Amino acid sequence: MALASIGYLRIGSTDVDAWMSFGTDVLGLMDAEQSDLEGVRYLRMDRHPFRFAIEPCAEDKLLSCGLEYRNAADWQAACDALRKAGHTLTAGDATEAARLCVSDFVTVSDPAGNVLELYYGRRLDYKPLISPTGVSAFVTGDEYTGDMGFGHAVIPAPDIEASIAFYTELIGLGISDDLYPPMPEGAPESRVVFMHADNPRQHSLALYNQPTPSGVVHMMVEVSTLDEVGRGLDLAKAAGHPVIASLGRHVNDNMCSFYVLAPGGIAVEYGYDGLLVDWETYTPTVSTEGDLWGHEYNFPG
Ligand SMILES: [Fe+2]
């Protein structure tokens, strides 16, 4: 049993309208033009009905990650394995499943308390995707790669060994790269474990060994060309969103990207040229550098 992809994120926001403007006017995502009684708004990248749900919340934080299994049998196998290992699963009700556009789902917390929604059977939306900023296509998979999910997310995992075991033994992810970035003297050791799903994207989910109050270290959106990345950078600066890492290229997934803070402070990586991997022939790596070049960090405050 393998996890197919990381399908969506649910993001809690203290200012949903500001997040939607950022999502459409900077990231170039399409407003799905659906809202529900709770005031949740939805952003599309492709034929999935949404990849990001922006939900009114007292805090700006990641509410949950939607993890997609290819079919009911794979999903059931993961649920059985989690129950057998002593994890508490909450069955999703039909109304919520309809809202998430999935056939069925369960909710479970990982060892760090990150909330996961495991699902299968997504209802697609065939209305043409029109990016308000002219992004030609978001990289989420095609007829050659299959669905590669929305991108990737890095989430906190202070007890990183427990989280690695949870995701590799029970959820169905594999390890791609284990990064020990250089740290200033006296700083605690930093470690990021990058994990892949059963699709060619070099990593779909990564674990960071330090607590992160917002529940997400960053999330990544991939576009098709360098010009689209550059245009996104111009739009982010023009709209006054803090750019917290300059243009650069990562060593492990080859992503050429910059990082910007969304309204409320969640970091978004915006890049192109991510590595596609054949897992049959890949050997996991250990990295001691995060970047080939660039990504000069500049955190406000
Ligand atoms: Fe990233």
Side-chain angles (χ1 to χ4, degrees), residues 1-11 43 45-48 50-53 62-71 74-75 78 100 102 105 108 110 112 114-120 122 138-142 144-157 160 163-179 191-208 212 215-223 250-255 257 259 266-280 282 284-285 287 290:
M1 174 276 304
L3 183 71
S5 66
I6 173 167
Y8 64 80
L9 297 180
R10 292 173 61 182
I11 296 164
L43 289 163
M45 310 174 84
D46 54 13
R47 285 182 165 179
H48 277 241
F50 68 87
R51 291 298 197 172
F52 307 112
L62 182 66
L63 300 175
S64 66
C65 298
L67 303 184
E68 179 158 350
Y69 290 88
R70 292 206 193 288
N71 50 51
D74 279 4
W75 175 78
L100 297 172
V102 301
F105 77 104
V108 66
D110 79 0
N114 302 302
V115 178
L116 309 174
E117 289 164 357
L118 314 186
Y119 72 90
Y120 70 93
R122 199 107 205 254
F138 293 96
V139 178
T140 61
D142 56 28
Y144 304 107
T145 64
D147 184 10
M148 301 200 298
F150 79 81
H152 67 242
V154 182
I155 58 175
I160 198 162
S163 290
I164 292 169
F166 176 86
Y167 283 101
T168 57
E169 294 168 17
L170 301 174
I171 295 293
L173 290 160
I175 290 179
S176 333
D177 183 49
D178 196 349
L179 168 66
R191 182 181 178 194
V192 189
V193 175
F194 296 86
M195 298 177 300
H196 67 87
D198 187 23
N199 71 63
R201 199 187 285 286
Q202 199 268 353
H203 58 269
S204 291
L205 199 67
L207 305 172
Y208 175 56
T212 308
V216 59
V217 180
H218 74 260
M219 49 184 268
M220 192 280 299
V221 167
E222 186 172 0
V223 292
H250 284 305
V251 298
N252 62 13
D253 68 351
N254 203 52
M255 192 70 69
S257 57
Y259 290 66
I266 289 178
V268 179
E269 180 181 9
Y270 198 70
Y272 93 113
D273 207 21
L275 191 65
L276 300 180
V277 174
D278 175 359
W279 301 111
E280 288 293 311
Y282 183 82
T285 51
S287 298

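All figures in this text were calculated on a predicted structure; none of them were measured in a lab.
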Worksheet item: Are any side-chain N or O atoms of E222 and backbone N or O atoms of G274, one a donor and one an acceptor, separated by less than 3.5 Å?
Response: yes
Worksheet item: Is R70 close to D198 at the side-chain level, that is, under 4.5 Å between some pair of heavy atoms?
Response: yes
Practice prompt. Check for a donor-acceptor pair, side chain of N199 on one end and backbone N or O of A4 on the other, with a separation under 3.5 Å.
Written response: yes
Practice prompt. Find the distance between CD1 (I6) and CD1 (I171) and round it off to the nearest 0.5 Å.
Written response: 11.0 Å
Worksheet entry | Check: D110 and I155 side chains under 4.5 Å, non-hydrogen atoms | yes
Worksheet item: Between NE2 of H203 and CD1 of I175, what distance do you get to the nearest 0.5 Å?
Response: 13.5 Å
Practice prompt. Answer yes or no: is there a side-chain heavy-atom contact under 4.5 Å between L100 and F50?
Written response: yes
Worksheet entry | Sequence-distant partners of D46, side-chain hydrogen bond (donor to acceptor under 3.5 Å, both in side chains), two or more places apart | R51, T140
Worksheet entry | Distance-minimising heavy-atom pair for V115 and L63 | CB-O, 3.4 Å
Item to complete: Would you check if F52 and V268 make a side-chain contact, meaning some heavy-atom pair closer than 4.5 Å?
Response: no
Worksheet item: Are any non-hydrogen side-chain atoms of M195 and L207 less than 4.5 angstrom apart?
Response: yes
Fill in: Nearest-0.5 Å distance, CG of residue D253 to CD of residue E269
6.5 Å
Item to complete: Give a yes or no answer on whether the side chain of W75 reaches the backbone of L118 with a donor-acceptor pair at less than 3.5 Å.
Response: yes
Item to complete: Could you tell me whether the side chain of C65 reaches within less than 4.5 Å of the side chain of L9, counting heavy atoms only?
Response: yes
Discussion item. Can you give me the closest heavy-atom contact between M45 and F150, atom names plus distance?
Written reply: CE-O, 3.5 Å
Discussion item. Do Y119 and E68 pair up side chain to side chain, a donor and an acceptor below 3.5 Å, judged on atom types alone?
Written reply: yes
Worksheet item: What's the shortest heavy-atom distance between P156 and G215, and which atoms?
Response: CD-O, 3.3 Å
Discussion item. Is there a side-chain contact (heavy atoms from CB on, under 4.5 Å) between Y272 and V139? Walk through the geometry before answering.
Written reply: CA-CA 8 Å; Y272 93 113; V139 178; over 6 Å; no
Item to complete: Start with the C-alpha distance between D74 and Y120, add both sets of side-chain angles, then the distance that settles side-chain contact (heavy atoms from CB on, under 4.5 Å), and finish with yes or no.
Response: CA-CA 9 Å; D74 279 4; Y120 70 93; over 6 Å; no
Worksheet item: How long is the gap from CE on M219 to CD1 on I11, to the nearest 0.5 Å?
Response: 4.0 Å
Worksheet item: Looking at side-chain heavy atoms only, is the closest gap between V192 and Y208 below 4.5 Å?
Response: yes
Worksheet, complete the sentence: E117 meets the side-chain hydrogen bond (donor to acceptor under 3.5 Å, both in side chains) criterion, sequence neighbours left out, with Y8, R10, S64
Worksheet item: Would you say the side-chain atoms of H152 and Q202 include a donor-acceptor pair closer than 3.5 Å?
Response: no
Fill in: D273 side, atom CG; L275 side, atom CG - distance, nearest 0.5 Å
8.5 Å
Discussion item. Run F166 and N114 through side-chain contact (heavy atoms from CB on, under 4.5 Å) and show every step you take.
Written reply: CA-CA 12 Å; F166 176 86; N114 302 302; over 6 Å; no
Worksheet item: Does the side chain of M220 reach to within under 4.5 Å of the side chain of R201, using non-hydrogen atoms?
Response: yes
Fill in: Heavy-atom pair with the smallest gap, counting every atom of D178 and V193
OD1-CG2, 3.5 Å
Worksheet item: Between R122 and D147, is there a salt bridge with N-O shorter than 4.0 Å?
Response: no
Worksheet item: Minimum heavy-atom separation for S257 to G271, with atom names?
Response: CB-CA, 3.6 Å
Practice prompt. Measure across Y282 and P284 and return the closest heavy-atom pair with its distance rounded to 0.1 Å.
Written response: CE2-CA, 3.5 Å
